[in-house]
Amino acid sequence: MSPAARSLLLSAARRQRRRFSTEAPSSTPQQQLLPKGKRWDAVVIGGGHNGLAAAAYLARAGRSVAVLERRGVIGGAAVSESDLVPGFRFSRCSYLLSLLRPALIQELELERHGLKLLPRSPSSFTPCLDGRYLLLGPDAELNHSEISKFSENDAGAYPRYEEKLEKFCKLMDFVIDSPPPEMRHEYHLSMVDRMKDKVDKSVFWSKLLGIVMQQGQKDMVDFFDLLLSPASKILNNWFEGDVLKATLATDAVIGSMAGVHTPGSGYVLLHHVMGETGGQRGVWAYVEGGMGSVSSAISKAALEAGVEILTNAEVSQISVHHTSGKVQGVVLADGTEVLTSVVLSNATPYRTFVDLVPANVLPDNFLSAIKTADYSSATTKINVAVDRLPQFSCCKDFNPEGGPEHMGTIHIGSESMEEIDLAYREAANGVSSTRPVIEMTIPSVLDKTISPPGQHVINLFVQYTPYKLSEGSWQDSNVRKSFAERCFSLIDEYAPGFSSSVVGYDMLTPPDLEREFGLTGGNIFHGAMGLDSLFLMRPAKGWSDYRTPVKGLYLCGSGAHPGGGVMGAPGRNAASVVLEDLRTK
C-alpha cells in the first residue's frame, strides 16, 4: 500500500465518529429506500464482509456510500441464520476466523462493535479407527506429547515446521495488506501523478526486496519450493507419520478442487496458517453468535460512518456511458437507477464482468480471461443440529459438556494422504467421494448463544463433491439425502450413534452455494487459488490492482488480491485505491 493510500485510510479511521443508530437486528440493517435521485460518491455491489469493509473505509474518508445487497441479510458467505432448524443458529458458509486482518480489526474498532472471538485449544483432533488419535493446538508441550505417540522424529520436527511457516507468513503480511503494483499506463493521470505512481510502485518492490533479504537465501529457496510444490512433497519432506501428514494436508486442499499431489497446493497450506487470533499465528477461532457477527461488526462501523445499507436490492446491471466508457451507476432488478461514478463490486469476477457489465464494453482478451478462469468447486457445507455431542470411540473419557476432542477442528476420513487423494480422484471423475474428507467443528461447545442448552451446532465442511455429477443431479432430493447420510455414516464409524443424534440439517452443495450466495461454480474463494490466479494474476493479468477496464468500476471481493477467506484485505485495499483515484481526479 502506498504511503498516500495508508495516510488516507489512517486519517479516515481517526475521524470523529458520527452518531448513527445500529439498533437493527445483528445481521440485517433495517430496510429503507435510498434517497431518490441522489448521486453517491460510491456504490458497493454486495454486502459481504469485504464490501462492507470497503464501504466503511470510504465513508470514514468523508465519501457518501451505498451498499446494495441482493439477499435479505447482509454478510455474504460470512453470515449467521436462525430459521433453518428452530432454536439453532448456523454459520451457513464460513465457520472459523483467523485471516481477518489485524489492521482492519483495529482501525474499524470491531471489538467495540461487538466482535468477540473464542479461541480454540486444542485446535485440531484426528480420530483413528484403530483407537489412536492426534490432538494439536497452540500448546507446544501437548503437540510434542501427541505427535510422539506416532513418531518421535515428527515430534522434534514439528516446531521447526511451524517456525518455518511463520517466517513465510511474515513475508506474506506485507503483500496481503498492499495493492499489487500493477504497471499499466494510466494516461488519464497527470505527469506528476504518473511519476508519483511509479515512485509508489518502486517503494513496494523496495520494501518487498528488503523483507526477502531478511529471510536469507535458503529460506527463500524453501519459500518458492512451498509455493510451487504439491503439499504431499512438502509434508513428506518434513514428516514420516501418516496421521500427522494427513491432518496438515487438509489445509492444503480445503475449499479447492485439488488434491494433495496437485502442484501449488503447498501455497494453500500456507494461506490457511497465515492468519492469527490474539496475536498467535495460525490460531483459528469461533466467533460468538456465528460468522454473521463479523459482518455485523463491520456493518456497524460502516453505518456509524454514514453508509447506507439496502437489503433485498439485487443489482441487474452496471450502467456504463456508451461513448466515454465510464461508470454512470447501477440498475436494480426492479428498475431503480442508483447514480454514481464509482462502483465497487464484491461479486465474483464472473458475475461482475459477464453478468453485470453490458455487452461489448470490455476488451475481448480481458473478458476471455474472466470466462476461462477456474471457478470449479468440490465443497459441500452441511450445518447440523444435534441433541448431544458425538462420543468418539478412541477417547476413553467422555465429557457430555465437551472435552478436548470437541474444541477444535475434527478431521474425519483423513488418516492418510492417500485417503484424501482417492477422494479427490473420484470427484475429478464426476463422482462424489465414497469416503468424503470431512472437517467437523462444534462451535456451540464454546459459544452458548447458538443452540439450546445441552444441544449443539455442528459444521461439516465436506470434500469432494463435484459441481456436476456424472450420474444424477444435486437437484434430486434422493441424491442429496443419500450423500448427507453417507457423511453421517462415516462419522458413525468414529463416533457411534452420531446419525441418531441429528435433529435437522441444512445442506449446501456447489450449485446451492452458487444460487444462494452468488459464488460462481460454488467456489468459496471467488475463483481458484492456484499460482496462476494469485497476486499480479488475480483476477486477470494486467488488472490485479482492483481497477478494471471500465473506468470507475473496481473489484473489492475475494476474486481480487489476495484471494479468499474472511480476511477483509480485498475490501480494505480496494478502498485505498479508490480514495487515491478520487484524490487525483
Side-chain angles (χ1 to χ4, degrees), residues 34-48 50-55 58 63-71 74 76 188 307-371 373 375 514 517-520 526-527 538-540 542-560 570-571 574-575 577-579 581-582 585:
L34 296 176
K36 191 174 181 180
K38 177 174 178 175
R39 174 170 287 276
W40 299 85
D41 292 332
V43 167
V44 178
I45 300 174
N50 276 309
L52 294 169
L58 293 173
R63 304 293 177 171
S64 60
V65 187
V67 175
L68 307 175
E69 168 55 41
R70 176 180 62 89
R71 300 185 74 220
I74 63 168
H188 67 280
V307 174
E308 298 275 0
I309 301 175
L310 192 68
T311 54
N312 296 307
E314 181 177 1
V315 173
S316 61
Q317 189 175 66
I318 297 169
S319 301
V320 180
H321 194 275
H322 65 282
T323 56
S324 70
K326 295 181 179 180
V327 164
Q328 291 183 306
V330 301
V331 180
L332 303 186
D334 65 4
T336 301
E337 295 184 27
V338 184
L339 305 177
T340 183
S341 59
V342 173
V343 171
L344 295 89
S345 178
N346 192 31
T348 69
Y350 190 95
R351 170 73 175 145
T352 300
F353 299 114
V354 178
D355 296 338
L356 298 182
V357 172
N360 303 318
V361 168
L362 294 163
D364 290 341
N365 61 342
F366 175 84
L367 192 57
S368 176
I370 296 300
K371 287 182 176 180
Y375 300 101
E514 181 177 69
F517 297 94
L519 298 173
T520 303
H526 288 206
R538 194 172 187 88
W543 298 98
S544 63
D545 60 354
Y546 310 100
R547 300 177 180 94
T548 75
V550 179
K551 178 64 177 174
L553 175 60
Y554 302 79
L555 274 187
C556 68
S558 294
V577 171
V578 171
L579 290 173
D581 288 354
L582 291 174
K585 271 190 174 183

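Just so it is clear, the values below take in all heavy atoms, side chains as well, and ignore hydrogens, waters and symmetry mates.
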### Message
Let me confirm one number: the OG1-CD1 distance from T311 to I74, rounded to the nearest 0.5 Å.
### Response
8.5 Å
#### Entry: Over all atoms of both residues, closest heavy-atom pair of P539 and G559
CB-O, 3.5 Å
#### Entry: Spatial distance of atom CZ (R547) from atom CG (D581) [nearest 0.5 Å]
4.0 Å
### Summary
In terms of heavy-atom contacts, T348 and G518 come closest through CG2-O, 3.4 Å
### Task
Show your reasoning for whether side-chain contact (heavy atoms from CB on, under 4.5 Å) applies to T352 and L555.
CA-CA 8 Å; T352 300; L555 274 187; 3.8 Å; yes
### Query
Is there side-chain contact between V44 and V65, with heavy atoms separated by less than 4.5 Å?
yes
#### Entry: Heavy-atom pair with the smallest gap, counting every atom of P349 and Y375
CB-OH, 3.8 Å
### Query
Do L58 and L344 have side chains that get closer than 4.5 Å, going by heavy atoms?
yes
### Message
Could you work out, with salt bridge (charged side-chain N to carboxylate O under 4.0 Å, His left out) as the rule, every residue matching R71, not counting sequence neighbours?
### Response
E81
### With sequence neighbours excluded, residues passing ring-ring contact (aromatic ring centres under 6.0 Å, His included) with F353
F366
### Message
Quick check for you: to the nearest 0.5 Å, what is the distance between K36 atom NZ and T336 atom OG1?
### Response
9.0 Å
### Query
Are side-chain heavy atoms of I309 and L52 found at a separation under 4.5 Å?
yes
### Query
What distance separates S341 OG from L582 CG, expressed to the nearest 0.5 Å?
7.0 Å
### Message
Quick check: do V550 and L362 have side-chain heavy atoms less than 4.5 Å from each other?
### Response
yes
### Task
Output all residues satisfying salt bridge (charged side-chain N to carboxylate O under 4.0 Å, His left out) with E314, sequence neighbours left out; order by chain, then residue number.
R351
### Task
Find out whether T520 and E514 are in side-chain contact, i.e. whether some heavy atom of one side chain is under 4.5 Å from a heavy atom of the other.
yes
## Note on the structure
In short, G37 meets L339 closest at the heavy-atom pair O-CD1, 4.1 Å
#### Entry: Residue pair V327 / V342, side-chain heavy-atom distance below 4.5 Å
no
#### Entry: Verdict with supporting geometry, K371 and V354, side-chain contact (heavy atoms from CB on, under 4.5 Å)
CA-CA 7 Å; K371 287 182 176 180; V354 178; 3.8 Å; yes
### Summary
Heavy-atom closest pair (A55 atom, V67 atom, distance to 0.1 Å) is CB-CG2, 3.5 Å
### Query
Under the side-chain hydrogen bond (donor to acceptor under 3.5 Å, both in side chains) test, which residues partner S558, sequence neighbours left out?
none
### Query
Are E308 and W40 close enough that some pair of their side-chain heavy atoms sits under 4.5 Å apart?
yes
### Query
Would you say the side chain of V343 lies within less than 4.5 Å of the side chain of Y554, judging by non-hydrogen atoms?
no
### Message
Using a 6.0 Å cut-off, check whether atom NZ of K38 has over 12 heavy atoms from anything other than its own residue.
### Response
yes
### Message
Show every side-chain hydrogen bond (donor to acceptor under 3.5 Å, both in side chains) that has at least one partner inside residues 357-368, sequence neighbours left out.
### Response
none
### Message
If I take atom CD1 from residue I370 and atom OG1 from residue T548, how far apart are they, to the nearest 0.5 angstrom?
### Response
9.5 Å
### Task
Ignoring hydrogens and angles, tell me if any N or O in the side chain of N50 forms a donor-acceptor pair with the backbone of G557 under 3.5 Å.
no
### All pairs passing salt bridge (Lys or Arg N to Asp or Glu O under 4.0 Å) where residues 324-339 contributes a residue, at least two apart
none
### Query
Taking atom CD1 of I45 and atom CG of L332, what is their separation to the nearest 0.5 Å?
9.5 Å
### Query
Should V361 and H322 be marked as a side-chain contact (heavy atoms from CB on, under 4.5 Å) after you check the CA-CA gap, both sets of side-chain angles, and the distance that decides it?
CA-CA 8 Å; V361 168; H322 65 282; over 6 Å; no
### Query
What closest approach, in Å, do Y546 and P570 show between heavy atoms, and which atom pair accounts for it?
CE2-O, 3.8 Å
